[in-house]
Amino acid sequence: MNRETALACRTWAFEEAKKVLARVTKTPPKKGYVVFETGYGPSGLPHIGTFGEVCRTSMVQLAFRQISDIPSKIIAFSDDMDGLRKVPSNVPNPQILEENMGKALTSIPDPYGKYESFAHHNNAKLREFLDSFGFEYEFLSSTECYKSGRFNDTLLKMLQNYDKVTKCVLPLLGEERKATYSPFLPVSPKSGRVLQVPLKEVKPESGTIVFEDEDGTLTELPVTDGNVKMQWRPDWALRWVALDVDYEMAGTDLRSSADVAKQIVRVLGGTPPEGFHYELFLDEKGEKISKSKGNGLTMEEWLHYAPAESLAYYLFQRPTAGKKLYFDVIPKAVDEYIAAIEKLPTEDDAAKLNNPAWYIHNGTLPNDKHTPVNFALLLNLASASNAHSKETMWGFIKLYKPDATPENSPFLDQLVGFAVRYYENFVLPTKKYRAADDRERAALTALVTKLKALPKNADNETIQTEVFSAGKENGYPKEELRSWFQAIYEVLIGQSQGPRFGSFVALYGIDKSIALIESGLRGDFVNKQAA
RNA sequence: GACAGCUUAGCUCAGCCGGUAGAGCACGUGACUUUUAAUCAUGUGGCCCCGGGUUCGAAUCCCGGAGCUGUCACCA
């Protein structure tokens, strides 16, 4: 990739990368590489926000690689020394967590019983999650950073600037909290809990703080080596300085806190990282997605109905705009991704840099994402054809694209699986069967007779002809044939529209189709629906 | 109240370092099909939120305003 071309690109990812380039051009990083950080709170499991942040940060890193030779890495930082404040609802053995309230997450036994601590469990889940998408990153544990002494120098600097640091945070706090606020949270040597207590004394010269422990004893602890954790805003600044972070993006909800953290970095004589604030996800009505309300889509739901690449595509689109995240955006994202991927090989470098697919595939041309059929078509096909299996779907696909097979179009095969799920979860529940009236009953009965007379391997057209004549011979004049077919769908499939019925029978199987019609005549579907 | 984002076709949105307004869906028409769905072709449809400014020229830049949405206790 030509550097000039890359520098001319104006997508948000390149604009971000250029900010980083300007930063390291001004003061080259002493560590010899550029650090992109993403943060993660391990009291819960990874979710779409986690994915979005790492995904987007990776895109900025990719852009940066096009405009600079300085090596770079992404750090996934886990805040696993935070005290546990709330027992998550979806965890087994909640009493274990209950008993360890307030302790650092890495000091609490794993309620799943698999890892050495609750945080280790959640960290493992995070890594598993990130790895499953192929992200490249270096994992860092807050606890390890504190305990190993990696943060010591910066912690001492924080202590020397205790008043200034505190002053940065105070304007953001409510009156009550202001009174007791301290940027340092001592870990009680007795209970192991991370304490939110006012400090009795701050001793920069000895590198210690004095506070009243839970049992009332006056205790003095060094701020170094994991004896003390920093409250989250200074904590953020702490690792920006200690790890010399060059870039970190954050949601707009953290804007003011990020600004405070930046101030603290300056107090310590550092340069705050570059970064921008992405907007939060909204639901269909433009309201904020929250777990308690249960509105909007979860990451699992998205991945249940569409490939991860489509989600990455969606996340690439204007991160600074609030994005509505609900089911209907998925098919569009999938199809736009498909269109992008099809276009990519034909584009010159400048155009590639404007193509989301380039970012999604880390600047490479994937050769296994081709599909001759788009997702919208598959969704329609699944609903129309009553498809419960990929095989049925493939039968219909072959009518349109005779050359396509699951073997030569694995990505399409994957999409077919998603379309079937969509059908089963969204369309099936809305089906409304009705009973056949007398004319329909006569025609359907005639159809059964005709189908029984056909050879097992009769083709679409032959069957279609029989369907047609069954209607014609049983009271449907030519101009009413439309309602004959409509009746077939309403009685047998529970929809007013369906596939070409001859094709349907050929694929579904003549015997099975006969059984289906007989069930319909008996009223099985209507009864089942009533029950 | 402070700050941020959004406001462009019926819907969802793209475009924005200024140069005759775009896509998908929906809708209309046609082709194909012994019905429908699908597919293909084609078409209708915009005071680009309002007002001002800069400019030969503004959806795009600047100023002012309106509406919608979000964030701003504690915790992280």
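Lettering of chains follows the sequences in order, A, B, ..., and the numbering in each one begins at 1.
For A:Lys324 and B:C13, the shortest distance from a side-chain N or O to OP1 or OP2 is below 4.0 Å. Considering only side-chain N and O atoms, A:Gln317 lies nowhere under 4.0 angstrom from the phosphate OP1 or OP2 of B:A14. In this structure, A:Arg255 does not reach the B:U71 phosphate: none of its side-chain N or O atoms is under 4.0 Å from OP1 or OP2.
As judged by a 4.0 angstrom heavy-atom cut-off over every strand, A:Gln196 is placed among residues touching the sugar-phosphate backbone only. A:Ile488 comes within contact range of no nucleotide atom at all, as no heavy-atom separation falls under 4.0 Å. Contact annotation for A:Gln231: backbone-only contact, meaning every heavy-atom pair under 4.0 Å involves sugar-phosphate atoms and none involves a base. Using a 4.0 Å heavy-atom criterion, one finds that A:Trp484 contacts no nucleic acid atom at all. Among the heavy atoms of the strands, none lies under 4.0 Å from A:Lys86.
A:Leu325 has its CG atom 16 Å from the P atom of B:U12, to the nearest Å. Atom-to-atom, CG of A:Asp259 to C1' of B:A2 comes out at 13 Å; the value is rounded to the nearest Å. The CG-C1' distance, from A:Leu280 to B:A4, rounds to 11 Å in whole Å. Spacing between atom CG of A:Leu254 and atom P of B:C72 amounts to 9 Å, rounded to whole angstrom units. If you take CG of A:Asp335 and C1' of B:C25, they are 11 Å apart, rounded to a whole angstrom. The interatomic distance linking A:Leu172 (CG) with B:G1 (P) rounds to 20 Å, in whole Å. In this entry the distance linking NE2 of A:His47 with C1' of B:A76 reads 11 Å, nearest Å. The distance between atom CD of A:Glu473 and atom C1' of B:U34, rounded to the nearest whole Å, is 14 Å.
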| request: Could you encode protein contacts along nucleotides 6-11 of chain B as a string, one character per nucleotide from 5' to 3', using B for base contact, S for sugar-phosphate-only contact and - for no contact, with a heavy-atom cut-off of under 4.0 Å? | output: S-----
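Side chains of A:Ser310 and A:Trp302: a donor on one and an acceptor on the other come within 3.5 Å. Between A:Glu279 and A:Thr320, the side chains place no donor N or O within less than 3.5 Å of an acceptor N or O (distance only, hydrogens not considered). Residues A:Asp80 and A:Thr106 bring no donor and acceptor atom of their side chains to less than 3.5 Å of each other.
Taking the side chain of A:Leu185 as heavy atoms from C-beta on, and the options B:C17, B:C74, B:A76, the nearest nucleotide is B:A76. Proximity note for A:Phe468 (side chain, C-beta onward) versus B:C17, B:U34, B:C13: the nearest is B:U34. The side chain of A:Glu279 approaches B:A4 more closely than any other nucleotide in the set B:A76, B:A4, B:C74.
A donor N or O paired with an acceptor N or O is not found under 3.5 Å between the base of B:U33 and the side-chain atoms of A:Gln464. For a distance-only test at 3.5 Å, the side chain of A:Thr252 fails to qualify as a donor-acceptor partner of the base of B:U71.
Here the separation of B:C27 from B:G18, taken at their C1' atoms, is 34 Å to the nearest Å. Straight-line distance between the P atoms of B:G65 and B:A73: roughly 26 Å, to the nearest whole Å. When the P atom is compared between B:A9 and B:G46, the two are found 10 Å apart, to the nearest whole Å. Separation of the P atoms belonging to B:C63 and B:U71 is 27 Å when rounded to the nearest angstrom. Atom P of B:U20 sits at a distance of 47 Å from the matching atom of B:U34, rounded to the whole Å. Spacing between B:U55 and B:U69 at atom C1', rounded to whole Å, works out to 34 Å. As rounded to the nearest Å, B:G64 and B:C13 have P atoms that lie 28 Å from one another. Comparing B:C40 with B:C50, their P atoms sit 36 Å apart, to the nearest whole Å.
Residue ring and nucleobase are not stacked for A:Phe485 and B:U36 under a centre distance beneath 5.5 angstrom and an angle between planes beneath 30°.
Taking the centre and axis of the six-membered ring of A:Phe151, the NZ or CZ atom of A:Arg239 falls outside the cone set by 45° and 6.0 Å. For the pair A:Lys229 and A:Phe184, the cation-pi criterion (under 6.0 Å, within 45° of the ring axis) is not fulfilled.
Remark: A:Tyr181 engages A:Gln231 in a side chain to side chain donor-acceptor pair (under 3.5 Å) (not counting sequence neighbours).
Positionally, the nearest nucleotide of RNA chain B for A:Val329 lies more toward the 5' end than for the other of A:Val329 and A:Thr465. Judged by closest nucleotide on RNA chain B, A:Lys323 is the one of A:Asn374 and A:Lys323 placed further toward the 5' end.
The shortest non-hydrogen separation linking A:His277 to A:Ala258 is CE1-CB, 3.8 Å.
For the side-chain contact (heavy atoms from CB on, under 4.5 Å) with A:Leu7, the qualifying choice from A:Arg3, A:Arg10, A:Glu4 is A:Arg3, the only one to do so.
For the pair A:Glu424 and A:Arg421, the salt-bridge criterion is not met [side-chain N within less than 4.0 Å of a carboxylate O].
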| said: What verdict does the ring-ring contact (aromatic ring centres under 6.0 Å, His included) test give for A:Phe418 and A:Tyr305, after you've listed the backbone C-alpha separation in whole Å, the side-chain angles of each residue and the deciding distance to 0.1 Å? | reply: CA-CA 5 Å; A:Phe418 286 125; A:Tyr305 297 110; 8.1 Å; no
| task | Could you summarise the pairing of RNA chain B as dot-bracket text, marking Watson-Crick and G-U pairs under 3.5 Å with ( ) or [ ] inside the strand and | across strands? | result | ((((((((.[[[[.)...(..]]]].(((((.......))))).....[[[[[..)....]]]]])))))))....
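Not one N or O on the side chain of A:Lys369 forms a donor-acceptor pair closer than 3.5 Å with the backbone of A:Glu342.
The aromatic rings of A:Trp12 and A:Phe316 sit tilted relative to each other, their planes meeting at an angle between 30° and 60°.
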